[in-house]
Every structure is written in C-alpha cells, then in structure tokens.
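Working notes, structure below.
Treat the numbers as computed from the prediction; the structure is a model and nothing was measured.
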Amino acid sequence: MVSSYALYEDVLPGGSHWSFVVNPGVQLELVDVDGGGNAAMLTYNPNNPLERLNLPDTLKCQHTFRLTLGHCLYSDMGRIFCSIVTDDIGWHDAASGTCNAEIVRRKWGVLSYQEARNDRLQNGRDSFLIELGKYGLGRRDFAANVNWFSRVDVADDGTMAFVANHSKPGNAVTLRFEMPTLVVLHTCPHPLNPAPEYPRCSIAYRLSLAEDLADDDLCRISRDENGRGFMNNYLYLLGR
C-alpha cells in the first residue's frame with residue numbers, strides 16, 4: 001500500500017508545529033524518531049473549514065476507543081478524511097485533547113522565545129492556533145484532536161493514565177487521504193505526560209503517493225459504517 005517514492009519528507013522537532021493541504025491519493029507517514037513521541041493532529045476540509053474532524057463519530061462508528069490499522073478518521077459530515085493503512089504500534093489516543101499554556105507551566109515551567117529561542121516551551125493549544133490562523137481559522141474552530149504514538153488507559157473508576165514509552169524509536173503510522181484535507185500538526189507533549197522534563201521528541205514525516213483503492217481494502221470493509229463513509233466521499237468528489 002505504501003509507495004517508495006517520497007514527494008516530500010522532513011523532521012518536525014519536538015515542541016513545534018506545521019500544517020499543509022493534501023489531496024486524495026496522497027499518504028502521510030509519521031515516524032517517532034526518538035521514541036515516546038506525540039504528534040497531535042486536527043483535520044479540516046480546506047474548501048469548507050466548517051467540516052472538520054469528528055472524533056466522537058470516528059470512535060462510535062468503528063466501535064473503538066483507540067485508533068489503529070484499518071480505522072478511518074471521520075468528518076462531521078460523515079465523510080472520511082483519511083485511513084490508517086500501516087501501523088507499528090496498535091494504539092493511538094483519541095480522547096485526551098491537547099496541552100495548553102497552564103498545563104505546560106504547571107508541569108515544566110515557562111521558557112519564552114526571548115530566553116530560549118527554538119528551545120522555548122510551546123504548548124499544543126497555542127501551536128494549533130498559530131497554524132489555524134494561517135487559514136483564517138481560530139478558537140471557535142477547535143475540535144478534538146488525535147494524539148499519534150500516545151496511549152492512555154482507563155481504570156474501572158474512569159481514571160485516565162498515560163502509558164509511558166508506549167512508542168519505540170522508529171515506530172510509524174501511515175495515513176492515506178481520501179478527500180482534500182487541511183492537516184494541522186504539533187509535536188508538543190501529551191497533556192497527561194508526567195515526564196519530569198519537557199519532552200522534545202522529534203517526528204519525521206513523509207508524503208508519498210498511495211496505490212489505488214482495492215475492492216478488499218481493509219479500511220473500507222472493516223466496518224459497514226466505513227463503507228458508507230467511502231460512498232459519501234465518492235458522491236462528494238463526484239460533484240466537484
């Protein structure tokens with residue numbers, strides 16, 4: 001399923017952010033370079049940003065609490081932004097949100113750009129806002145985000161516990177995009193990460209072309225709901 005031809009590749013250092021628009025048929029491979037990384041992601045329809053990632057529907061439609069191979073990420077219009085076509089890890093968090101300035105201050109202190117330049121302590125909420133602002137979006141456009149490479153377990157009493165060192169160096173996940181998508185990423189710490197020092201785990205990314213969708217594609221056939229989601233994509237792209 002993965003093309004060997006890289007259209008573009010780079011490394012996103014820990015505690016930084018990036019965004020881009022990707023077309024259907026393009027894959028994004030994310031690689032946890034150092035291990036213990038976190039790549040938080042939001043997605044939007046660039047042609048109508050009111051359509052955005054809907055994680056409650058994503059989890060409900062696929063009867064799951066975690067994301068892994070064969071799962072799809074749904075928009076709030078019942079369409080599929082992307083499908084998970086390879087996964088070394090087996091568990092990605094879709095329930096914990098992102099860290100904000102207060103969480104970072106309480107856990108790791110304050111270190112500004114004036115003091116530390118690129119080693120400043122960034123937080124996920126502000127990182128998302130910086131990238132969203134490039135497209136005329138802002139606070140009202142926030143949605144629940146995925147945390148790739150992170151795992152959170154839930155106890156019987158509902159307590160959520162971060163699983164340290166869940167992802168190992170070199171672990172990767174590949175997303176195949178099924179419709180035009182604005183992707184917003186940051187590599188700030190997971191909000192539940194208890195590390196004593198601010199984690200700076202780099203995430204490599206690689207864009208390549210996907211193979212044509214097969215009739216027996218795992219992501220499409222793993223759930224009846226996914227089949228309907230792919231049909232919604234077909235009708236949407238047919239009308240463009």
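- The two residues Lys134 and Ser19 have their closest heavy-atom pair at CD-OG, 4.3 Å.
- In the displayed structure, Asn23 atom CG is contacted under 6.0 Å by more than 12 heavy atoms of other residues, nucleotides or ligands.
- With rounding to the nearest 0.5 angstrom, the CZ atom of Arg105 is 10.5 Å from the CG atom of Asn100.
- Counting non-hydrogen atoms of other residues, nucleotides and ligands closer than 6.0 Å to CE of Met160 gives a total above 12.
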Carefully, step by step, assess Tyr236 and Asn45 under the rule side chain to side chain contact (heavy atoms under 4.5 Å, CB included).
CA-CA 12 Å; Tyr236 174 72; Asn45 181 342; 3.0 Å; yes

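- Residues Tyr198 and Leu121 come closest through the heavy atom pair CG-CD2, 3.5 Å.
- In the model, Tyr44 has no side-chain atom that pairs as donor or acceptor with a side-chain atom of Ser75 under 3.5 Å.
- Between Trp148 and the choices Asp32, Asp93, Ile89, Leu175, the side-chain contact (heavy atoms from CB on, under 4.5 Å) rule is met once, by Leu175.
- With respect to Asp153 and Arg66, no salt bridge is recorded, no charged nitrogen being found less than 4.0 Å from a carboxylate O.
- Ser150 and Asn38 get closest at one heavy-atom pair: OG-OD1, 2.7 Å.
- No side-chain N or O of His71 forms a donor-acceptor pair with one of Gln62 less than 3.5 Å apart.
- The aromatic rings of Phe20 and Phe177 sit perpendicular to each other, their planes meeting at more than 60°, with 30° as the lower class boundary.
- Considering Leu53, Leu73, Asn145 as possible partners of Met41, the one that fulfils the side-chain contact (heavy atoms from CB on, under 4.5 Å) test is Leu73.
- The heavy-atom pair separating Phe230 from Ser83 by the smallest distance is CZ-OG, 3.5 Å.
- No side-chain heavy atom of Val31 sits less than 4.5 Å from a side-chain heavy atom of Arg206.
- Screening Asp141, Val184, Thr43, Leu182 against Arg52 for a side-chain contact (heavy atoms from CB on, under 4.5 Å) leaves a single residue, Asp141.
- Atom SG in Cys219 sits 5.0 Å away from atom CZ in Arg176 (nearest 0.5 Å).
- Minimum interatomic distance between Arg220 and Ala214 (heavy atoms only, all atoms of both residues): NH2-O, 2.8 Å.
- Other residues, nucleotides and ligands contribute more than 12 heavy atoms inside 6.0 Å of the CG atom of Asp157.
- Taking the six-membered ring where the residue is Trp, the centroids of Phe149 and His166 are separated by 6.0 Å or more.
- Remark: Phe65 CZ is packed, more than 12 non-hydrogen atoms of other residues, nucleotides or ligands lying under 6.0 Å away.
- For the pair Pro169/Asp34, no side-chain contact is recorded, criterion being any heavy-atom separation below 4.5 Å from C-beta on.
- Within the structure, every pair that satisfies the salt bridge (charged side-chain N to carboxylate O under 4.0 Å, His left out) test and touches residues 78-91, not counting sequence neighbours, is listed here: Glu51-Arg79.
- Closest non-hydrogen pair, Ala101 versus Asn123, comes out as N-CG, 3.4 Å.
- Separating the OG atom in Ser167 from the CH2 atom in Trp91 is a distance of 14.5 Å, to the nearest 0.5 Å.
- Exactly one of Asn54, Asn232, Asn226 qualifies for a side-chain hydrogen bond (donor to acceptor under 3.5 Å, both in side chains) with Tyr74. That residue is Asn226.
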Applying side chain to side chain contact (heavy atoms under 4.5 Å, CB included), run through Ile80 and Met179 and close with a yes or a no.
CA-CA 7 Å; Ile80 292 172; Met179 62 179 284; over 6 Å; no

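- Screening Thr174, Leu67, Thr68 for a side-chain contact (heavy atoms from CB on, under 4.5 Å) involving Ile84 leaves a single residue, Leu67.
- At a cut-off of 3.5 Å, with distance as the only test, a side-chain donor of His186 or Thr98 sits close to an acceptor on the other residue.
- For the atom pair CG of Leu111 and CD of Gln122, the computed distance is 11.0 Å after rounding to the nearest 0.5 Å.
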